[in-house]
Amino acid sequence: MTTNANLQQTPEQTTTAADRARGDTPKAADTRTPLIEMQAVDKHFGNVVALSNISLKVYAGEVMCLLGDNGAGKSTLIKTLSGVHAPTHGELLLEGNPANFTSPGQALDAGIATVFQDLAMIPLMSITRNFFMGREPTKGFGPFKYVDWEFADRVAREEMAKIGIDVRDPSQPVGTLSGGERQCVAIARAVYFGAKVLILDEPTSALGVKQASKVLRYIAQARNRGLGVIFITHNVHHAYPIGDAFTLLKRGTSLGSWRKEDITREEVLNMMAGGEEMASLDAELAEFQRTDSASVA
Amino acid sequence: MTDHTISAVPAADDERLRRVHPLKAALKRPEFGAIAGTILVFAFFSVAASGTGMFSLAGILNFLEVSAQLGILAIAASLLMIGGEFDLSLGSMIGFAGILIAIPAVQYGWPLWLAITFAFACAVLIGWINGYLVMRTGLPSFIVTLGFLFILRGLAIGLTRLTTGRTQVSGLQEIADHDWLAPFFSGEVFTGLFSWMAAQGWIATNFAGNPSVTGVPVSIVWWIVLAAAATWLLLYTRFGNWIFACGGDVNAARNVGVPVMKVKILLFIFTAVAATIFACLQVMDTGSADTTRGLLKELEAIIAVVIGGALLTGGYGSAVGAVFGALIFGTVQMGIFYTGVNTDWFKVFLGAMLLIAVLFNNYVRKKALEAK
């Protein structure tokens with residue numbers, strides 16, 4: 001198993017979790033075909049190894065949380081999944097069939113929709129115009145083909161209502177929406193246009209608690225509709241309640257994949273931060289406290 | 001928290017929508033400022049220039065024609081600006097296109113229709129080069145088209161002097177007389193209607209009983225047709241949505257699959273073509289081409305577009321706004337002439353108008369992004 005090679009390097013504190021790691025072969029899921037699968041994917045940029053030996057499986061109706069600190073290779077991984085980069089080695093399988101995307105458009109056509117951090121939303125354009133950007137519904141033929149805005153307005157309003165956002169006027173600019181609402185528009189757009197796999201790049205990182213919970217609830221909704229969701233984040237508190245499986249990335253390699261029942265929140269947190277680093281931080285903080293109390297006395 | 005997590009107000013959308021004051025809704029439209037400005041300008045001159053003939057039929061057509069010529073450029077410039085780019089080579093393109101018509105027709109004896117077609121083909125090519133360079137190099141269009149401002153002006157002067165020894169080519173009037181394509185760019189339309197109205201005694205006639213104003217200049221028709229086409233394009237076609245998207249955020253547009261390169265190159269081509277339409281109108285009108293034609297027109301067009309409510313940063317604006325921006329421009333230019341004020345003051349007014357328009361636009365944009 002590829003993950004086991006990496007697990008050797010995991011710190012002492014995490015070996016218990018690591019022992020339980022089933023990598024990408026959860027017991028209940030053995031017979032299912034993953035919606036999307038990465039097999040030993042490497043990505044090199046010149047002599048920089050951005051990703052090394054990454055394997056993961058995402059099943060329909062599940063949320064796979066991809067956790068990692070800054071520089072862990074999350075962005076490169078997303079871009080490889082969404083067709084921006086082709087993997088240097090390894091393979092991408094879509095519903096069991098090899099998929100070699102050469103452009104984001106191909107990945108999109110295959111049902112892999114990525115909601116990027118910058119959202120691909122234009123603040124000054126209306127909700128409807130943003131929702132249908134690039135895929136405007138048309139009526140008529142030849143040079144008299146025109147966009148059916150009436151239909152588009154209706155769909156935008158309905159889709160937003162489905163996720164509990166009551167849009168007064170779909171022609172209002174997206175800039176008038178809050179960050180969480182905008183994120184939901186972006187996700188709703190991907191779902192409406194037939195995404196099977198939803199890749200969400202840090203959808204909650206810029207949001208407050210309330211807004212983030214709204215987005216999380218919507219992610220759960222998308223999962224219940226049978227989509228496979230890849231949820232990229234560095235926030236365990238957002239990832240843990242909603243995730244069905246967790247993959248940890250560190251410095252371009254995978255620390256392993258776990259089913260939710262096999263790992264606790266604290267173990268995830270420890271591994272992400274790199275247990276020994278946390279331990280040394282604790283020691284350092286204790287040292288500060290000691291010197292502080294010394295100077296007071 | 002229940003279903004209605006964002007708005008506490010329950011459904012019944014229509015009721016909530018009606019609460020927006022109509023004036024406040026109008027304020028959010030990009031062309032609002034330009035229309036309000038036009039009303040102000042008309043109100044001012046109807047008092048200041050009363051009894052001078054500015055608002056006689058001839059006077060109206062006069063300032064409409066001035067507005068129309070600039071308007072043709074402004075409509076193209078507005079689409080380009082909404083798409084997030086400038087074209088500073090617009091004015092030079094006018095001079096160059098005039099030369100491209102005049103030299104083949106006068107020096108080499110080409111039929112006029114062929115010379116005009118040739119000029120349009122060159123315009124498409126130049127627009128394409130502008131757009132391709134901007135998209136490929138990633139340089140700001142300001143720099144690329146500034147380069148072409150000088151290249152095209154230089155080519156116009158250089159080629160004309162090389163082939164004719166002068167900087168002006170005249171003698172197109174006779175050639176135009178028997179050409180089938182020339183009437184699209186010269187003369188007047190609705191002449192029958194005007195004769196009929198004169199016969200009814202509705203409009204003024206000269207001593208021979210003919211109407212003193214014989215028709216609507218063809219440039220006004222071009223202006224209206226282009227404005228209608230551009231508005232349709234922007235508001236009701238997929239391409240129009242892509243223009244807004246490209247100007248609003250290129251990366252976002254690209255991420256959702258908008259063919260950004262194609263959109264922008266087509267907009268540059270349209271601008272060059274509009275400059276050529278302007279050049280045709282001028283060449284047919286005066287019967288000559290001059291290498292200095294169109295000087296500063298690129299800036300005048302940008303002023304008209306900005307007065308029309310477009311944002312310099314792209315992604316916001318309207319073709320209708322550009323139409324009214326040009327109308328303000330033409331009305332004031334002719335109005336100052338009619339009121340007898342020294343026309344030197346026109347430029348002072350223009351600069352002030354531009355600043356006010358930009359401040360107003362920024363205010364409107366901020367308002368538009370404020371909630372509900």
Side-chain angles (χ1 to χ4, degrees), chain A residues 82 84 103-105 108-109 114-116 118-126 128-130 132-140 143-149 152 157 160-178 180-181 184 186 189-190 193 210 213-214 217, chain B residues 1-20 25 28 30 82 84 229 232-260 311 313-317 364-372:
Chain A
S82 62
V84 178
S103 76
L108 207 59
D109 290 341
T114 309
V115 177
F116 289 99
D118 57 13
L119 290 182
M121 285 274 150
I122 295 169
L124 273 168
M125 282 168 71
S126 72
T128 306
R129 276 179 178 263
N130 266 294
F132 286 92
M133 188 163 65
R135 294 196 200 81
E136 300 80 359
T138 53
K139 248 186 181 177
F144 302 107
K145 205 183 262 183
Y146 63 97
V147 179
D148 190 354
W149 287 121
R157 192 198 295 260
M160 296 305 286
K162 272 185 205 166
I163 57 177
I165 296 179
D166 181 21
V167 179
R168 292 150 202 249
D169 176 8
S171 66
Q172 79 192 56
V174 157
T176 60
L177 298 177
S178 70
E181 288 172 313
C184 288
R189 175 170 69 184
F193 286 108
K210 226 174 165 177
S213 70
K214 234 165 255 167
R217 193 175 308 121
Chain B
M1 278 190 283
T2 54
D3 283 349
H4 289 284
T5 45
I6 307 279
S7 307
V9 199
D13 296 305
D14 295 326
E15 279 169 32
R16 286 178 307 147
L17 275 177
R18 229 174 281 132
R19 261 192 244 146
V20 180
K28 283 181 182 172
I82 294 169
W232 162 264
L233 185 77
L234 268 182
L235 298 182
Y236 298 106
T237 67
R238 301 188 70 192
F239 193 80
N241 206 36
W242 297 349
I243 295 174
F244 281 113
C246 289
D249 186 340
V250 176
N251 283 329
R254 211 173 266 139
N255 278 344
V256 295
V258 173
V260 173
L311 288 178
T313 45
Y316 191 74
V364 168
R365 176 178 46 169
K366 222 176 278 165
K367 277 278 162 205
L369 285 183
E370 265 172 24
K372 355 299 162 183

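Lettering of chains follows the sequences in order, A, B, ..., and the numbering in each one begins at 1.
- If you measure heavy-atom distances from B:Phe244 to chain A, the contacts under 4.5 Å come from both the backbone and the side chain.
- A:Met133 touches chain B through backbone and side chain together, each having a heavy atom under 4.5 Å away.
- At a threshold of 4.5 Å between non-hydrogen side-chain atoms, the residues A:Arg189 and B:Val256 count as touching.
- No side-chain heavy atom of A:Val147 sits less than 4.5 Å from a side-chain heavy atom of B:Tyr236.
- Summarising the geometry of B:Ala252 relative to A:Ile122, their closest heavy-atom pair is CB-CG1, 4.2 Å, with the distance given to 0.1 Å.
- For the atom pair CG (A:Leu124) and CG (B:Asp249), the distance works out to 11.0 Å, reported to the nearest 0.5 Å.
- In this structure a side-chain-to-backbone donor-acceptor pair under 3.5 Å is missing from B:Trp232 to A:Phe144.
- No part of B:Leu233 comes within reach of chain A, as not one of its non-hydrogen atoms sits under 4.5 angstrom from that chain.
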Check your understanding: Going through the checks in order, is the side-chain contact (heavy atoms from CB on, under 4.5 Å) test met by B:Asn241 and A:Trp149?
Key -> CA-CA 11 Å; B:Asn241 206 36; A:Trp149 287 121; 3.8 Å; yes
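- Note: A:Glu136 leads A:Glu136, A:Met125, A:Lys145 in heavy-atom pairs under 4.5 Å with chain B.
- Between the B:Arg238 side chain and the A:Tyr146 main chain, no donor and acceptor come within less than 3.5 Å of each other.
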